[in-house]
Amino acid sequence: MALPEIFKTPYNPKDHEKRIYEAELSSGLFNPDNLENTGKPPYVIMMPPPNVTGVLHMGHALMLTIEDILIRYKRLQGYRTLWLPGTDHAAIATQVRVEKDLQKKEGKSRFDLGRDDFLKLVEKFAFDSHDTITSQIKIMGASCDWSREAYTLDEKRNQAVNTVFKKMHNDGLIYQGYRVVNFDVKGGTVVSDDELVYEERDATLYTFRYSPEFPIEIATTRPETKVGDTAVAVHPDDPRYQSYIGKDYSFDFCHVPVSVKIIADPSVEKDFGTGALGVTPAHSLIDADIAERHHLPLKQVISERGRMINTIPALDGKKTLEARETIVSWLKENNLISKEEKIKQNVATAERTSGIIEPLPKKQWFVAVNKSFSLPHSAIPGIESGSTTTLKEIMKRSVESGAITIKPAHFAKTYFNWVDNLRDWCVSRQIWFGHRIPVWYRNEEIVVSGDKPEGEGWIQDEDTLDTWFSSALWTFSTLGWPEKTKDLKTFHPTDVLETGYEIIFFWVARMIMMSGYALGEIPFRHILLHGTVRDAQGRKMSKSLGNGIDPLDIAEKYGADAGRLALVYGTAPGTDSKISEEKIKGMKHFANKLWNIARFILENTEDCHSRLDLESIKKNPSLTTADKAILSSFENTVKKVEADLEAQDLHTAAEELYSFVWMKFADEYLEVSKLQLKNETQKESTQKILLYLLENSLILLHPFIPFVTEAIYEHIPDRPSTLLLVARWPSL
RNA sequence: GCGCGUGUAGCUCAGUGGUAGAGCGUUUCGUUGACAUCGAAAAGGCCGGAGGUCCGAUUCCUCCCACGUGCACCA
C-alpha cells in the first residue's frame, strides 16, 4: 500500500485539524460514559468557564492546553476522564460591556431601556459571545465533554444558587446588614473588597481645625467628608490629648452643625498628621470599624450618586470635589488651615469600571465567614461530621490538612494570608445581569425562595448576586446538585482545578468554601496554577498596547499544535511566561519533523506487517548496540514523562519528549536505521523497532500535540485503535 | 510596612549538592531519497552580589542589590 499523496508534502495543519477534531468529537469518546471500562477510577477537571464577554485570548489558550494535556494523558491511561466545559455570565463585566456599546451606538443608558429590555440585549450579546468562545475552544483541540456543557446563569445553575442561598440563610450565614460598603459610583453598584484596584494619585493633605473654639487640629485629604464626622480619635497614650478624651464638642463646620466626641483608639498613629483623626463613620471603612468599637453614630453626607446630602442647602447636591472647594475656601476665610501638603495617595477604584469607590453605608446581603454553624456531614480532615465550624475554618482546614494541594506550593501562603484577613463577603450587586437575589418582600414579611410565594403583593429583591457566588458552586452545580445525581456521586470531588493564580481569592478559595459548606467535601484534590502569558518584552498583552498574540491567528498560521506546545514548553507552573512567534514557529517545525519521521518509517516498513510489543522486541538476541540504546532511551523517556505528568510538570515532560524525538529518535537512530535496513539480517527487527517507536511516540506526544499525532496515526497499518485518542499508553 | 516570586548563553527560558542545558540567534562545514521547516560542528555563562554550612554550592541557609507581584496603610 503506497502512502497517500498528502504525506509527500510538508505537514499542513489546515489539512487536518478541523477534520480531526470533528472525528474525535463525533466518536463520543470525550464523554466518559462512552469510554471502555478498564476498572480505573474517574479523573475529573472542571473547566474554568471563560467569560461571555469577548473572544479567546492567550490565557484561555494556556488553560485549555494544560487541562487538555492532563485529560488526554489520563484517557490514554484508561481513566474515565471527564472534562466539563462551560461559560461564565460574568455579571458585572458583561453588563458594563453591553452598557458601553449601548451608550456608544445609541447614546442610551440601561435606565433608558428599563430592566427587561436591557436584559434581553445582554442575553443576546452573551448568547453570541458564547458561540464564539465555544467554537474557539474547539479550535484549540480541547477534548471536553460538550454533552455536559454548563453556563453559570442557566436554569440548573440558578437552582443551585437559590438552594445554597436559602440554606445559608437558614443557617444564619447569609444576612442583610446596614454597613459601610464599597460603592462604585460610576457602575452604580456595591463591589466586594477583592474587586478594588488601588491607584496612586496626587492629593493635598489639609491640616486644620473644625472651628476656632475646637481645641485639636486634624488632617485630611477629604475635607468634604468632615461634615459627617462624629468623633475625633487619638491614640490612648498620646500625652498631647489626654485631657480631651471623653469630652463632647458641638460647632458649625462650614455652617453645618457637627458634634464630635473625643475618643481614644489604639489604631490611631501618633506620628501621622497631628496624631488626631476626624472619624467619619459613614464614609470610611476604617472609621466605621472605630465607630463600631465606640458605639458612635453614623451620619451619611454623600449619596450613591457621589453628591452631598443631609448637610445644608449650599452644599447639598454638589459633587464631592465641588464641595471640597467650598469647604476649603470657607476654612481659608476663617483662617483655620495651618498646613497644606502635597502627598501621594492610593485611591480605591472599581476593577471593572475604573470608577472611584465611595465608601458609604448601605443595606446589603453578606456571607458571614466567621459565624459558627453545624456541618451535618463532613469529609474534610479536621472537621468532624455534625461539628460546629465556620466557613473560614472550612477554607483553612481543607488546605492545611493536605486534602487539597497547591502547585506551586508557595501560593499556599498567599491563600492563608487572604483567608486569615477575610471579612464578611458582600454578595449583593445593584446591577441587573446575574442571578437575582431569591428574596421576596411584602410589607414586613420576607421569604427566601427562588419562586414567587403564594398570594398577592410580593416584590422580589431588586439586586443580583456577585458573579463569583455562582462560580463558587461550579464543581458541583455542573454535576446536577442539588439533585442527588449519578454524576455528582461519580465525579465529585474533582481531581484538578487548573487556573490562573490571579483568581485564587475570587474563585479558588470560594469554591473550597461552598463545596465544604454544601457537600461537606473538598471541591478538588489539587490546585494547579499557571501564570500570565506576556509578550516577548514581558508586557501584559492588552488591546490598548496592541501587543496581543491572538491564539486563533496562531492556530491559523502555525497550527493549534504549535501554539499548544509553545505555551507549555519551558513554562513552569505558576510563573509568568513570554511567548513569541519565533518560539511558536520552532514548534511548528517540530510537528513537521514528526511528520517526516513518520513518512520515512512508513515508507520503509511497507513490507512489514506483524507488530510486536516491547518485551518481544527486546528478546531478539541479535539487537544491535544502536537498537538497544534507542530502546532503553525510549523506556527512560516514558518513565520521565510519566513522572512529570503525574507531578503536573508539563513543561519538563514536553522538553523530554521534544529532545527524545528529535535528538535520539530522529538524529541518531533513524540515521543508523538507514544502514540496518539495507542489511538483510537486521532489516526486519529494525522495521519492528521503528514501527514500535513511532506508534508509541505518537501516544506519548498526543496529549501535547493531538492533531499531528492523530493525523499520522491514521496511516499506521493494523493500528489497535481507530483513534489515537483512546490508544493505550505504553506499559513498561 | 508585611509577604511572595524572579535574577542562568546575545534573546526567551528550563534545570541541578558533584566539571552547566534547550529553543531562537551567530559562525563554519555538509547535504543526490524522511525532513532546508535539514544535518554535523563551533563560539558564547566566575548560574545578581557578599557571607555561611559542606570534602564540594548555581542548587541549602543568612544578608544585600535589582526587577516584578500580592496584601495592608495612606486620617
Side-chain angles (χ1 to χ4, degrees), chain A residues 3 7-12 193-194 196 198 200-201 203 205-207 217-223 225-226 229 232-234 265 267-269 272-280 283-287 290 343-348 408-418 420-422 501-502 504-505 531-532 534-538 540 558 562 565-566 568-572 574-604 649 651-652 654-656 658-659 662-663 666-668 670-671 673-674 690 694:
Chain A
L3 280 180
F7 239 118
K8 304 263 163 84
T9 57
Y11 177 68
N12 182 6
D193 297 341
D194 299 295
L196 304 184
Y198 289 94
E200 194 176 81
R201 294 193 184 171
L205 181 68
Y206 300 94
T207 303
E217 283 195 320
I218 58 164
T220 185
T221 54
R222 298 196 62 190
T225 64
K226 299 289 103 183
D229 282 9
V232 168
V234 298
D265 194 284
S267 70
V268 179
E269 293 266 348
F272 190 92
T274 61
L277 157 67
V279 183
T280 323
H283 299 290
S284 154
L285 271 76
I286 305 298
D287 292 10
I290 297 176
I343 60 163
K344 294 277 182 198
Q345 190 184 220
N346 282 330
V347 180
H410 70 255
F411 277 105
K413 217 161 182 172
T414 313
Y415 175 84
F416 287 126
N417 185 45
W418 181 81
D420 288 342
N421 296 314
L422 190 60
Y501 61 71
E502 73 278 2
I504 295 176
F505 308 142
T532 308
R534 296 167 182 276
D535 73 0
Q537 279 93 52
K540 273 195 178 174
Y558 305 103
L565 196 52
V568 294
Y569 191 98
T571 305
T575 38
D576 291 355
S577 57
K578 294 174 195 165
I579 191 128
S580 61
E581 284 208 37
E582 286 308 308
K583 186 174 180 185
I584 297 162
K585 221 161 136 184
M587 296 307 163
K588 187 191 173 177
H589 295 174
F590 180 71
N592 190 56
K593 186 76 185 176
L594 192 63
W595 184 251
N596 282 305
I597 290 170
R599 182 189 343 174
F600 172 79
I601 293 175
L602 294 176
E603 274 175 351
N604 285 286
D649 283 321
H651 60 302
T652 43
E655 286 169 42
E656 188 65 37
Y658 184 101
S659 76
W662 205 314
M663 318 302 162
D667 290 348
E668 290 177 17
L670 250 55
E671 293 309 318
S673 77
K674 287 174 186 170
L690 287 171
L694 174 62

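Everything numeric here is computed off the predicted structure, so don't read it as measured data. In the text below, chain A, chain B and the rest are named by the order of the sequence lines, each starting its count at 1. Only this structure's heavy atoms are used, side chains among them; waters, hydrogens and symmetry mates stay out.
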When we call it a touch if two heavy atoms are under 4.0 Å apart, what does [X] touch: a base, just sugar-phosphate, or nothing?
{"X": "A:Lys585", "result": "nothing"}
{"X": "A:Leu670", "result": "base"}
{"X": "A:Glu269", "result": "base"}
{"X": "A:Asn421", "result": "nothing"}
{"X": "A:Val268", "result": "base"}
{"X": "A:Thr575", "result": "sugar-phosphate"}
{"X": "A:Leu205", "result": "sugar-phosphate"}
{"X": "A:Ser659", "result": "nothing"}
{"X": "A:Ala572", "result": "sugar-phosphate"}
{"X": "A:Ile597", "result": "base"}

Nearest-nucleotide comparison on RNA chain B, the residue closer to the 5′ end among A:Lys593 and A:Phe505
A:Lys593
Residue closer to the 5' end of RNA chain B, A:Met663 versus A:Thr571 (nearest nucleotide)
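Between the two, 5'-proximity favours A:Thr571.
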[X] [atom1] to [N] [atom2], straight-line distance once rounded to whole Å:
{"X": "A:Tyr569", "N": "B:G15", "atom1": "OH", "atom2": "C1'", "value": "12 Å"}
{"X": "A:Phe272", "N": "B:A72", "atom1": "CZ", "atom2": "P", "value": "18 Å"}
{"X": "A:Tyr415", "N": "B:G70", "atom1": "OH", "atom2": "P", "value": "20 Å"}
{"X": "A:Lys674", "N": "B:A34", "atom1": "NZ", "atom2": "C1'", "value": "7 Å"}
{"X": "A:Tyr206", "N": "B:C74", "atom1": "OH", "atom2": "C1'", "value": "17 Å"}
{"X": "A:Glu655", "N": "B:U16", "atom1": "CD", "atom2": "C1'", "value": "13 Å"}
{"X": "A:Phe411", "N": "B:G5", "atom1": "CZ", "atom2": "P", "value": "9 Å"}
{"X": "A:Trp662", "N": "B:C24", "atom1": "CH2", "atom2": "C1'", "value": "12 Å"}

Side chain proximity check, [X] to [Y], heavy atoms < 4.5 angstrom:
{"X": "A:Tyr501", "Y": "A:Thr532", "answer": "yes"}
{"X": "A:Ile286", "Y": "A:Leu277", "answer": "no"}
{"X": "A:Phe600", "Y": "A:Lys674", "answer": "yes"}
{"X": "A:Trp662", "Y": "A:His589", "answer": "yes"}
{"X": "A:Leu670", "Y": "A:Leu690", "answer": "yes"}

Using purine N1 to pyrimidine N3 plus N6-O4 or O6-N4 for Watson-Crick, or N1-O2 and O6-N3 for G-U wobble, both under 3.5 Å, which nucleotide pairs with [N]?
{"N": "B:G44", "result": "none"}
{"N": "B:C38", "result": "B:G30"}
{"N": "B:C63", "result": "B:G49"}
{"N": "B:A72", "result": "none"}
{"N": "B:G10", "result": "B:C24"}

[atom1] spacing across the pair [N] / [M], given as an integer number of angstrom:
{"N": "B:U19", "M": "B:C46", "atom1": "C1'", "answer": "14 Å"}
{"N": "B:C64", "M": "B:C2", "atom1": "P", "answer": "11 Å"}
{"N": "B:A20", "M": "B:C63", "atom1": "P", "answer": "29 Å"}
{"N": "B:A14", "M": "B:G5", "atom1": "P", "answer": "15 Å"}
{"N": "B:U16", "M": "B:A57", "atom1": "C1'", "answer": "11 Å"}
{"N": "B:G48", "M": "B:G39", "atom1": "C1'", "answer": "38 Å"}
{"N": "B:G18", "M": "B:C47", "atom1": "C1'", "answer": "16 Å"}
{"N": "B:U59", "M": "B:U6", "atom1": "P", "answer": "13 Å"}

Is there a side-chain contact between [X] and the phosphate of [N], meaning an N or O under 4.0 Å from OP1 or OP2?
{"X": "A:Lys413", "N": "B:C4", "result": "yes"}
{"X": "A:His651", "N": "B:G15", "result": "yes"}
{"X": "A:His589", "N": "B:C38", "result": "yes"}

Evaluate the side-chain contact (heavy atoms from CB on, under 4.5 Å) criterion for residues A:Lys593 and A:Asp667: first the C-alpha distance (whole Å), next the side-chain angles of each, then the deciding distance (0.1 Å), finally the verdict.
CA-CA 11 Å; A:Lys593 186 76 185 176; A:Asp667 290 348; 4.2 Å; yes
Are side-chain N/O atoms of A:Gln345 and A:Thr221 paired as donor and acceptor at under 3.5 Å?
yes
Between [options], which one does the side chain of [X] approach most closely?
{"X": "A:Glu671", "options": "B:U37, B:A34, B:G70", "value": "B:A34"}
{"X": "A:Asn346", "options": "B:A34, B:C74, B:U37", "value": "B:C74"}
{"X": "A:Thr652", "options": "B:G15, B:G70, B:C35", "value": "B:G15"}
{"X": "A:His410", "options": "B:C24, B:G5, B:C73", "value": "B:G5"}
{"X": "A:Tyr198", "options": "B:C73, B:A34, B:G39", "value": "B:C73"}

Test side-chain contact (heavy atoms from CB on, under 4.5 Å) applied to A:Glu200 and A:Asn346, step by step:
CA-CA 4 Å; A:Glu200 194 176 81; A:Asn346 282 330; 3.7 Å; yes
Heavy-atom donor-acceptor pair, A:Glu656 side-chain to B:A22 base, under 3.5 Å:
no
Please step through side-chain contact (heavy atoms from CB on, under 4.5 Å) for the pair A:Lys226 and A:Ile218, ending with a clear verdict.
CA-CA 10 Å; A:Lys226 299 289 103 183; A:Ile218 58 164; 3.8 Å; yes
